[in-house]
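Reviewing the structure listed below.
In this text, all values refer to a predicted model and were calculated from it rather than measured experimentally. So that the names make sense, note that chain A is the first sequence line, chain B the second, and so on, each numbered from 1.
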Protein chains: 2
Amino acid sequence: MQRSMGILGTRWKPIIIYTLRDRKARFGQLDALIENISRKVLTSSLKELEEDGIILREEFKELPPRVEYTLTQKGKALIPIMCQLAKWNEEYYADGISM
Amino acid sequence: MQRSMGILGTRWKPIIIYTLRDRKARFGQLDALIENISRKVLTSSLKELEEDGIILREEFKELPPRVEYTLTQKGKALIPIMCQLAKWNEEYYADGISM
DNA sequence: TTTGATAGTTACACAAAGGTAACTACTTTA
DNA sequence: TAAAGTAGTTACCTTTGTGTAACTATCAAA
């Protein structure tokens with residue numbers, strides 16, 4: 001648990017993972033999809049998630065540059081858990097806002 | 001997700017919840033069962049978990065005083081999720097240490 | 001009267017996480 | 001020559017979480 005929380009236990013990382021659950025996304029897309037996140041936190045969260053093997057970063061050497069982020073297998077394995085958490089939240093708060 | 005993480009996203013709260021999964025415990029027992037936690041953090045975590053309706057605090061006016069902590073229904077509903085997280089951890093790190 | 005047990009609280013400090021705003025680098029387009 | 005687009009970085013600051021050590025309150029027993 002301690003280690004799991006070391007990986008996930010921040011404000012934004014679970015949101016980033018959940019956002020990537022069914023799509024790949026570019027840096028700017030994540031910045032737009034996730035409201036209120038700062039680019040700085042997005043950068044550092046993505047870097048740490050990559051180091052932890054949760055997401056994959058693919059750099060395309062085009063112009064303008066393009067970078068795509070996707071979940072790894074290990075990252076995808078977290079999705080059902082996060083869905084359960086979202087469900088728990090809905091069930092016990094029941095205000096319709098879970099993300 | 002943001003709110004769920006606001007409740008669980010600290011170093012010790014998931015450990016406390018997991019420790020209470022199948023038992024009630026007194027303050028001093030939790031302090032002994034959970035290695036390395038400080039009484040201060042235990043106090044504040046228990047207080048916040050109580051405010052969030054995850055645990056129940058029962059005070060017995062005896063001498064010496066006795067206080068028992070148990071999970072509420074809402075708290076118990078988190079247990080399967082935390083077990084899945086522990087399983088995820090074991091699966092992808094596979095060193096046998098999950099708590 | 002001092003010790004022991006229980007369940008904390010208080011003061012202080014440190015480190016990590018998060019926020020804001022300005023800046024960088026590269027190249028194409030106007 | 002200047003703006004626009006992409007993907008960041010950097011400096012600075014505030015907030016939150018955690019840690020240590022000492023202290024509190026109450027009563028019983030020695």
What is the distance from [atom1] of [X] to [atom2] of [N], rounded to the nearest Å?
X: B/Glu48; N: D/dT16; atom1: CD; atom2: C1'; result: 10 Å
X: B/Arg66; N: C/dG8; atom1: CZ; atom2: C1'; result: 17 Å
X: B/Leu46; N: C/dT9; atom1: CG; atom2: P; result: 10 Å
X: B/Leu8; N: D/dG17; atom1: CG; atom2: P; result: 13 Å
X: B/Asp31; N: C/dT6; atom1: CG; atom2: P; result: 11 Å
X: A/Glu68; N: D/dT6; atom1: CD; atom2: C1'; result: 13 Å
X: B/Phe27; N: D/dA25; atom1: CZ; atom2: C1'; result: 15 Å

Got a sec, which residues hit side-chain contact (heavy atoms from CB on, under 4.5 Å) with B/Lys24, two or more places apart in sequence or on another chain?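 side-chain contact (heavy atoms from CB on, under 4.5 Å) list for B/Lys24, sorted by chain: B/Glu68, B/Thr70.
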
Any heavy-atom pair between the side chains of [Y] and [X] that's under 4.5 Å?
X: A/Ile79; Y: A/Leu71; result: yes
X: B/Tyr93; Y: A/Ile7; result: yes
X: B/Tyr69; Y: B/Leu49; result: no
X: A/Gln29; Y: A/Arg23; result: yes
X: B/Leu8; Y: B/Ile17; result: yes

Which angle, to the nearest 10 degrees, lies between the helix axes at the two ends of the helix from C/dT1-D/dA30 to C/dA30-D/dT1, each defined by five pairs?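 Answer rounded to 10°: the end axes differ by 30°.
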
Does a side-chain N or O from B/Tyr69 land closer than 4.0 Å to OP1 or OP2 of C/dA7, or not?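 No.
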
Nucleotide N/O of nucleotides 18-23 of chain D paired with protein N/O under 3.5 Å:
unit_1 : atom_1 : unit_2  : atom_2 : d
D/dT18 : OP1    : B/Arg11 : N      : 2.6
D/dT18 : O4     : B/Lys40 : NZ     : 2.9
D/dG19 : OP1    : B/Arg11 : NH1    : 3.0
D/dG19 : OP2    : B/Trp12 : NE1    : 3.0
D/dG19 : O6     : B/Lys40 : NZ     : 2.1

Nucleotide of D/dT9, D/dA7, C/dT6 approaching B/Arg26 most closely (side-chain heavy atoms):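 Among D/dT9, D/dA7, C/dT6, the one nearest the side chain of B/Arg26 is C/dT6.
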
Taking only nitrogen or oxygen atoms into account, show me every contact under 3.5 Å that the protein makes with nucleotides 25-30 of chain C, one pair per line with its distance.
none

Any base atoms under 4.0 Å from [X], or only sugar-phosphate, or nothing? Heavy atoms, all strands.
X: B/Lys47; value: sugar-phosphate
X: B/Lys61; value: nothing
X: B/Phe60; value: nothing

Side chain to side chain donor-acceptor pair (under 3.5 Å) pairs, two or more places apart, involving residues 45-56 of chain B: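 Output for this query lists B/Lys13-B/Glu48.
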
Give me each pair satisfying salt bridge (charged side-chain N to carboxylate O under 4.0 Å, His left out) with a member in residues 70-87 of chain B, each pair once, sequence neighbours excluded.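 Listed by first then second residue: nothing to list.
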
Determine, using the 4.5 Å side-chain heavy-atom cutoff (strictly less than), whether B/Leu56 and A/Trp88 are members of one ILVMFWY cluster.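 No, separate clusters.
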
